[in-house]
Student: 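Could you have a look at this structure, given as structure tokens, before my questions?
Since the structure is predicted, the reported quantities are computational estimates derived from the model, not experimental observations. Along the sequence shown, the residues carry numbers beginning at 1. In what follows, every heavy atom counts, from backbone to side chain, and hydrogens, waters and symmetry copies are set aside.
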Amino acid sequence: MEDIEDVLGPAGFSGGGAPPGLRLPLSTVAVKPKRRPSRLVQTQPQPDARIPGTQTIYVKTFGCSHNQSDSEYMSGQLSAFGYAITEEPEGADLWLINTCTVKNPSQSAMSTLISKCKTANKPLVVAGCVPQGSRDLKELEGISIIGVQQIDRVVEVVEETLKGHEVRLLSRKTLPSLDLPKVRKNRFIEILPINVGCLGACTYCKTKHARGHLGSYSIDSLVDRVKIVVSEGVREIWLSSEDTGAYGRDIGTNLPNLLNAIVAELPADRSTMLRIGMTNPPFILEHLNEIASILRHPCVYTFLHVPVQSGSDAVLQAMNREYTVSEFRMVVDTLCELVPGMQIATDIICGFPGETDEDFVETVNLIKEYQLPQVHISQFYPRPGTPAARMKKVPSIEVKKRSRELTSVFEAFSPYEGLKGKVERIWITEIATDGVHLVGHTKGYIQVLVIAPDSMLGTSADAKITSVGRWSVFGEVIEGTIAVKEAALQQNSAEVQVENRPNRVEEAVCSTNTCDSDSCACSGVESVAQQCTPQRCEGPSDAPANYGDATRQETPQSTLVRRNVDGAGKTSESDAEKSRGDDHQVNVVTRRALNIDRILWGGLAVSFATTVAILVMLTYKIFYTSS
């Protein structure tokens, strides 16, 4: 079937019609009605008899942070039009699946979800990299699909799909506007795509088929977006891209120019932090000193994801990665030397076609040398249509063996032992999957789990590291160090988190806010930091993303945290603290719990005294009667 733009011809967007992002009149949208068996008797009202914008949409996202941003933009447009967005598929009127094409598991999960949707007889729209890169996939037959550069027309696609029509929007056009309505999964985190596509041609990568060649947003448009999200109370900005380092090469600028412009707009009180996304070695080599300077800025996390993929030059050449292992070393060594506490993340693909035992040993030695505490290890997956899919494969048994061996090497490291007892500034933005801890990150994007009320979300504080494990780092917030940018924002946050439950003490509620495991290897999705070996990079190492599996060591009483400290917490400011302007200090104490304890002890004392008095009276009466 032809794309809608092709059907519209001169009257479409390219010929002076409605600008991208605006809802077209239904008469201008070309659709392909689905076939229905003539013998089927319809007992329910037809979808086209329902009022558009009144239905509930289930949105499911696979893959990288760029995909997550796309889903947030699509959810924002649907919500602005009146649709309700839900995470519960059963009660939804339509399913919207945003897909990832990097690995087989993520695409298999998509296929499984499509089957479930068809079984449930739900209208379905599939978006993302899979339909854009494989539009003729069998699983997509008879399903409405929308491409990665057409997300500003999601309302049209949903409307027509609810009417029973099949719609396809895949033609490439100009980049979607950054000012579209957006519903963030985490209100404190803005995922900001700075460009789409890349300049590489990796032989194993399917994402290039979907995202295409490099297309960068202008510096002005990105800076304007940063100003808006900072004013909305965002506390972390993630720069997302298929290759951050390649930014601007298509429009005559570069990444350092963009970063300097963005940093200039961040609040001086460090209430909003910037995280730079994934960059491949070739495009950062010429800017190492500038990048190091930016990473040292107080409002920028000293964290960078630099995938190496293999420790063998021969394998890197077969992958067409356009760099050598020595160039990767230069990036890591330079940044670790110039940036205190620098954290480096990396990826490894095990069993790439043609990888010999000697090649794999070189990879293992590289990991051992740098002792990275968190390495994203994956087995090679041949993606249809890529050059690597036609190469002679390493036997699957050998691929699994190498993956297990490298994993064992990685798990033998003890990266967090030096953290215990240290005090670090953390920025708190999430609720852990265990529902008890809040998640904070240090300047090096080290993940620290703390027990604190939800009112601390969106704040920063000093935390003392109390315990560490192989996979987790725990801390305690130091009272009197909690910096809050805007009191009004915190009050609003508390209302969102605990509506109609003022001044109550209750157990923390789980709020799942983690990304899918099959992260896009070509994007800046990874939210865990790496640490170089102590000889190369000073500073503590990072805690991994699977914090939800951590085992709590605290006492049962510590599981009770206040969900709203209004009226219980007291604000205290020293003369030095008052000089911070709007910042103020929140003294987090559970006086409510202490009052309850006093009442209980008082009640016990009264009961005991009453019992003694009754016994005395009975004894006196018995003695008086017998005499």
Side-chain angles (χ1 to χ4, degrees), residues 235-239 244 256 259 263 266 269-279 284 287-306 328-346 367 369-375 413-429 439-450 460-475 477-478 481 483 524 526-545 547:
R235 297 300 180 236
E236 280 187 12
I237 299 174
W238 297 0
L239 300 187
T244 303
L259 296 178
V263 165
L266 297 179
D269 59 8
R270 305 178 71 191
S271 57
T272 301
M273 297 291 289
L274 178 70
R275 195 190 81 173
I276 304 174
M278 186 277 291
T279 177
I284 195 178
H287 302 303
L288 283 178
N289 290 331
E290 296 97 321
I291 296 298
S293 177
I294 294 166
L295 288 167
R296 290 194 299 266
H297 191 280
C299 296
V300 181
Y301 287 120
T302 54
F303 161 75
L304 197 62
H305 176 204
V306 187
F328 169 79
R329 291 177 185 272
M330 182 184 301
V331 171
V332 176
D333 294 345
T334 301
L335 292 179
C336 287
E337 179 183 354
L338 298 179
V339 184
M342 183 66 200
Q343 307 293 310
I344 302 290
T346 198
I367 297 303
E369 178 183 353
Y370 283 90
Q371 299 226 355
L372 304 174
Q374 185 77 26
V375 183
F413 304 151
S414 300
Y416 311 124
E417 291 180 351
L419 277 174
K420 189 172 182 180
K422 292 187 176 181
V423 176
E424 297 281 348
R425 192 73 182 176
I426 61 173
W427 286 261
I428 303 171
T429 56
V439 182
H441 292 94
T442 69
K443 176 67 162 61
Y445 214 69
I446 300 166
Q447 192 168 261
V448 181
L449 306 182
V450 297
S460 65
D462 288 342
K464 182 177 181 180
I465 307 302
T466 57
S467 64
V468 298
R470 178 60 185 88
W471 306 109
S472 305
V473 175
F474 294 90
V477 173
I478 298 176
T481 68
E526 285 74 9
S527 60
V528 290
Q530 319 294 329
Q531 181 195 26
C532 310
T533 184
Q535 291 81 3
R536 297 183 178 272
C537 186
E538 296 183 0
S541 56
D542 185 21
Y547 46 78

Student: For Phe413, check ring pair (Phe, Tyr, Trp, His ring centres under 6.0 Å) against everything at least two apart and list the hits.
Tutor: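 Partners of Phe413 by the ring pair (Phe, Tyr, Trp, His ring centres under 6.0 Å) criterion come out as none, since no residue qualifies.
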Student: Sequence neighbours left out, what pairs pass salt bridge (Lys or Arg N to Asp or Glu O under 4.0 Å) with at least one residue falling in residues 288-306?
Tutor: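 Matches after skipping sequence neighbours: none remain.
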Student: Rounded to the nearest 0.5 Å, how far does NE2 of His305 lie from OG1 of Thr244?
Tutor: 10.0 Å
Student: Which distance, rounded to the nearest 0.5 Å, do you find between the OG1 of Thr466 and the CG of Leu419?
Tutor: 11.0 Å
Student: Between Asp462 and Thr481, what is the shortest heavy-atom contact and its length?
Tutor: N-OG1, 3.0 Å
Student: Contact between Arg270 and Trp427 at the side-chain level, heavy atoms closer than 4.5 Å - yes or no?
Tutor: yes
Student: When Ile426 is tested against each of Val423, Thr429, Ile428 for side chain to side chain contact (heavy atoms under 4.5 Å, CB included), which residue passes?
Tutor: Ile428
Student: What verdict does the side chain to side chain contact (heavy atoms under 4.5 Å, CB included) test give for Ile284 and Leu304, after you've listed the backbone C-alpha separation in whole Å, the side-chain angles of each residue and the deciding distance to 0.1 Å?
Tutor: CA-CA 11 Å; Ile284 195 178; Leu304 197 62; 3.5 Å; yes
Student: Which is it for Leu259 and Leu274 under the side chain to side chain contact (heavy atoms under 4.5 Å, CB included) test, yes or no, and what are the steps along the way?
Tutor: CA-CA 9 Å; Leu259 296 178; Leu274 178 70; 4.3 Å; yes
Student: Quick check: closest heavy atoms across Val448 and Gly475, and the distance to 0.1 Å?
Tutor: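 Looks like CG1-N, 3.8 Å.
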Student: Rounded to the nearest 0.5 Å, how far does OG1 of Thr442 lie from CD1 of Ile465?
Tutor: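 So the gap between those two atoms works out to 8.0 Å.
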Student: Give the intermediate values and the outcome of side chain to side chain contact (heavy atoms under 4.5 Å, CB included) for residues Leu449 and Val473.
Tutor: CA-CA 6 Å; Leu449 306 182; Val473 175; over 6 Å; no
Student: Minimum heavy-atom separation for Gly444 and Thr302, please, with both atom names.
Tutor: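 That would be CA-OG1, 3.1 Å.
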Student: Does the side chain of Lys443 come within less than 4.5 Å of Met273's, by heavy atoms?
Tutor: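 Yes, at least one pair of side-chain atoms sits under 4.5 Å.
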Student: Would you call the rings of Tyr445 and Phe303 parallel, tilted or perpendicular, where under 30° means parallel and over 60° means perpendicular?
Tutor: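 Parallel, since the angle between the ring planes stays under 30°.
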Student: Nearest 0.5 Å, please: how far is CD1 in Ile294 from SG in Cys299?
Tutor: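 One finds 13.0 Å between SG of Cys299 and CD1 of Ile294.
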Student: Does Thr346 form a side chain to side chain contact (heavy atoms under 4.5 Å, CB included) with Tyr370? I'd like the steps, not just the answer.
Tutor: CA-CA 11 Å; Thr346 198; Tyr370 283 90; over 6 Å; no
Student: Hey, which of Leu288, Thr279, Ile291 is the one that makes side chain to side chain contact (heavy atoms under 4.5 Å, CB included) with Val331?
Tutor: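 Filter result, single survivor: Leu288.
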Student: Answer yes or no: is there a side-chain heavy-atom contact under 4.5 Å between Leu295 and Met342?
Tutor: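 Counting from C-beta outward, Leu295 and Met342 do come under 4.5 Å.
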Student: Using the side chain to side chain contact (heavy atoms under 4.5 Å, CB included) criterion, which residues pair with Thr272? Sequence neighbours excluded.
Tutor: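 So Thr272 forms a side chain to side chain contact (heavy atoms under 4.5 Å, CB included) with Val230, Arg235, Ile237, Leu266, Pro267.
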Student: If we only count heavy atoms from C-beta on, is the Glu236 to His441 side-chain gap below 4.5 Å?
Tutor: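 Yes; the side chains approach each other to less than 4.5 Å.
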